[in-house]
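In what follows, a single structure is set out as structure tokens and then discussed.
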Amino acid sequence: MTHLHAGLSSETTEKARLELNENPDTLHQDIQQVRDMIVTRPDIGFLRTDDDFILRFLRARKFDQVETFRLLAQYFQFRQQNLDMFQSFKVDDPGIKRALMDGFPGVLENPDQHGRKILILFASNWDQSRNSFTDILRAILLSLEVLIENPELQINGFILIIDWSNFSFKQASKLTPNILKLAIEGLQDSFPARFGGIHFVNQPWYIHAMYTIIKPFLKDKTRKRIFLHGNNLNSLHQLIQPECLPSEFGGTLPPYDMGIWARTLLGPDYNDETEYTLTYDALHVRENCGGGGGGDKDMMKRSQSAVEPGTLRPTDRETSTPLLALD
């Protein structure tokens, strides 16, 4: 076993071999072959190419080296093309911090029965005067960067549950094609995570309509992993055991405290002057990161948010034509 397998359980190591084609005997060779392809894309700045980093991309693409390099290139290209999203990509960025404190995303402490980390989103908690969709996406991507450092999660992957209860038509009308395309590119096409399922619960008809519109832009593999449960939590429990879920999803766990993940990232010794540098240097963009910190509010519980009207200006991405018109 190499140092790259340090900390992995024997069960997870075997899972990587059976499901991801991971071979400890050829691991360094596989990594080097991906690294050797970097010269074919001089237009992209590959700002991190160490073994640990490339390995997570190999695992995300089941050790298909060509597909691995394509994902690696798309990861950095997405960041180059959206520099505004990554120039202050840290927990004390005011926009990211607000989104985290409002529960975007929620992260359950324990995995599901297959070892997959469970992320949850309460869609109705999106106060559009407080959080832009782009900042919510940034907070999700930052959270994934932290979580994907865990090699067990590189192998076992993630589950996303979105609760659409009380998500209004007016809120849905703000989901423009541009920002949905940005989310698809950032999560589906440009990040080395294995998503075992994306579960919609309590979704209204207009979310069905929105999904129909974006469905052609999703990969076939992604479409097969999206489950629309509606109000039928039994179908959710057939895929995720109730013992793994909080009571909001019919589970046996206590109600989810929406501040838990924010407190995990901010930490008891959080300092406004400290950059987030847990995963990698300079956050993979060439510009220097800006400073700044948002004002702390009491941590929100479950799906209740502390509103600060007028704290946000909409970006161009969020002022384009809506998918769902109000008139």
Side-chain angles (χ1 to χ4, degrees), residues 1-81 86 111-112 114-117 119 141-160 184-198 218-222 224-225 277-285:
M1 180 180 295
T2 71
H3 77 280
L4 295 170
H5 282 111
L8 285 178
S9 67
S10 57
E11 293 83 0
T12 307
T13 301
E14 181 66 5
K15 183 177 184 178
R17 185 184 70 83
L18 294 175
E19 296 185 12
L20 306 184
N21 307 308
E22 185 167 328
N23 183 352
D25 296 332
T26 61
L27 204 54
H28 289 286
Q29 179 182 343
D30 293 333
I31 291 170
Q32 188 57 46
Q33 287 181 349
V34 173
R35 190 183 286 120
D36 289 343
M37 298 181 195
I38 289 174
V39 297
T40 67
R41 293 297 306 270
D43 56 311
I44 296 175
F46 293 86
L47 302 184
R48 184 176 170 186
T49 59
D50 58 273
D51 289 358
D52 288 308
F53 189 70
I54 291 178
L55 179 56
R56 68 190 62 173
F57 289 85
L58 279 162
R59 286 170 170 161
R61 290 296 180 262
K62 296 187 175 181
F63 279 75
D64 181 320
Q65 293 163 6
V66 173
E67 288 301 313
T68 295
F69 178 70
R70 180 176 288 115
L71 179 61
L72 181 67
Q74 288 172 334
Y75 174 93
F76 285 112
Q77 188 171 45
F78 180 76
R79 280 148 180 75
Q80 284 183 193
Q81 292 173 345
F86 297 98
D112 76 350
H114 301 297
R116 300 174 296 193
K117 200 69 170 175
L119 278 63
L141 287 171
L142 181 67
S143 298
L144 286 171
E145 290 284 4
V146 175
L147 293 167
I148 205 66
E149 288 289 314
N150 183 341
E152 292 269 341
L153 295 181
Q154 295 171 17
I155 295 166
N156 291 327
F158 300 86
I159 292 290
L160 175 63
I184 292 170
E185 290 175 351
L187 295 169
Q188 173 187 261
D189 302 329
S190 308
F191 196 84
R194 305 183 66 220
F195 279 94
I198 301 171
L218 300 174
K219 293 178 180 177
D220 185 56
K221 182 185 291 187
T222 303
K224 290 178 179 177
R225 292 176 179 173
T277 55
L278 180 60
T279 53
Y280 46 81
D281 294 337
L283 310 166
H284 288 183
V285 295

Can you give me the closest heavy-atom contact between [X] and [Y], atom names plus distance?
X      : Y      : answer
Ile54  : Thr49  : CD1-O, 3.4 Å
Arg61  : Glu67  : CG-O, 3.7 Å
Met37  : Val66  : CE-N, 4.3 Å
Ala193 : Ala60  : N-CB, 4.3 Å
Glu149 : Gln154 : O-NE2, 3.9 Å
Gln188 : Leu218 : OE1-CA, 3.5 Å

For a 4.5 angstrom cut-off between non-hydrogen side-chain atoms, does [X] reach [Y]?
X      : Y      : answer
Phe78  : Gln81  : no
Asn156 : Arg194 : no
Ile44  : Gln80  : yes
Gln29  : Gln32  : no
Leu144 : Leu119 : yes

Distance from [X] atom [atom1] to [Y] atom [atom2], nearest 0.5 Å?
X      : Y      : atom1 : atom2 : answer
Gln77  : Leu72  : CD    : CG    : 11.5 Å
Leu187 : Phe158 : CG    : CZ    : 11.0 Å
Gln33  : Thr68  : CD    : OG1   : 11.0 Å
Leu27  : Leu55  : CG    : CG    : 5.5 Å

Whether the side chain of [X] engages the backbone of [Y] through a donor-acceptor N/O pair (distance < 3.5 Å, no angle test) should be reported.
X      : Y      : answer
Arg225 : Phe195 : yes
Arg79  : Tyr75  : yes
Arg41  : Ala73  : no

Is the ring pair Phe46/Phe76 parallel, tilted or perpendicular, if the boundaries are 30 and 60 degrees?
perpendicular
Got a sec, which residues hit side chain to side chain contact (heavy atoms under 4.5 Å, CB included) with [X], two or more places apart in sequence or on another chain?
X      : value
Ile198 : Leu160, Phe200, Ile226
Glu11  : Ser9
Asp189 : Gln74, Ile184, Glu185, Lys219
Pro111 : none

With sequence neighbours left out, write down each residue that passes ring pair (Phe, Tyr, Trp, His ring centres under 6.0 Å) with Phe191, or none if nothing qualifies.
none
Using ring pair (Phe, Tyr, Trp, His ring centres under 6.0 Å) as the criterion, list what pairs up with Phe63, not counting sequence neighbours.
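Here no residue qualifies.
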Give every residue pair that meets the salt bridge (charged side-chain N to carboxylate O under 4.0 Å, His left out) criterion with at least one member in residues 19-29, sequence neighbours excluded.
Glu22-Arg59
Tell me, which pairs form a salt bridge (charged side-chain N to carboxylate O under 4.0 Å, His left out) where one or both residues lie in residues 28-38, sequence neighbours left out?
Arg35-Asp51
Restricting to salt bridge (charged side-chain N to carboxylate O under 4.0 Å, His left out), what partner residues turn up for Lys224, sequence neighbours left out?
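Residues passing salt bridge (charged side-chain N to carboxylate O under 4.0 Å, His left out) with Lys224: Asp220.
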Arg116: which residues meet the salt bridge (charged side-chain N to carboxylate O under 4.0 Å, His left out) condition with it, sequence neighbours left out?
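Arg116: salt bridge (charged side-chain N to carboxylate O under 4.0 Å, His left out) contacts with Asp112.
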Using a strict 4.0 Å threshold on nitrogen-to-oxygen distance, state whether Glu152 and Lys117 make a salt bridge.
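A salt bridge is absent here (no side-chain N lies under 4.0 Å from a carboxylate O).
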What I want to find out is whether Lys62 reaches Asp64 closely enough, with some N-O distance under 4.0 Å, to be called a salt bridge.
no
Run the side chain to side chain donor-acceptor pair (under 3.5 Å) test against Ser143 and tell me which residues pass, sequence neighbours left out.
Trp261
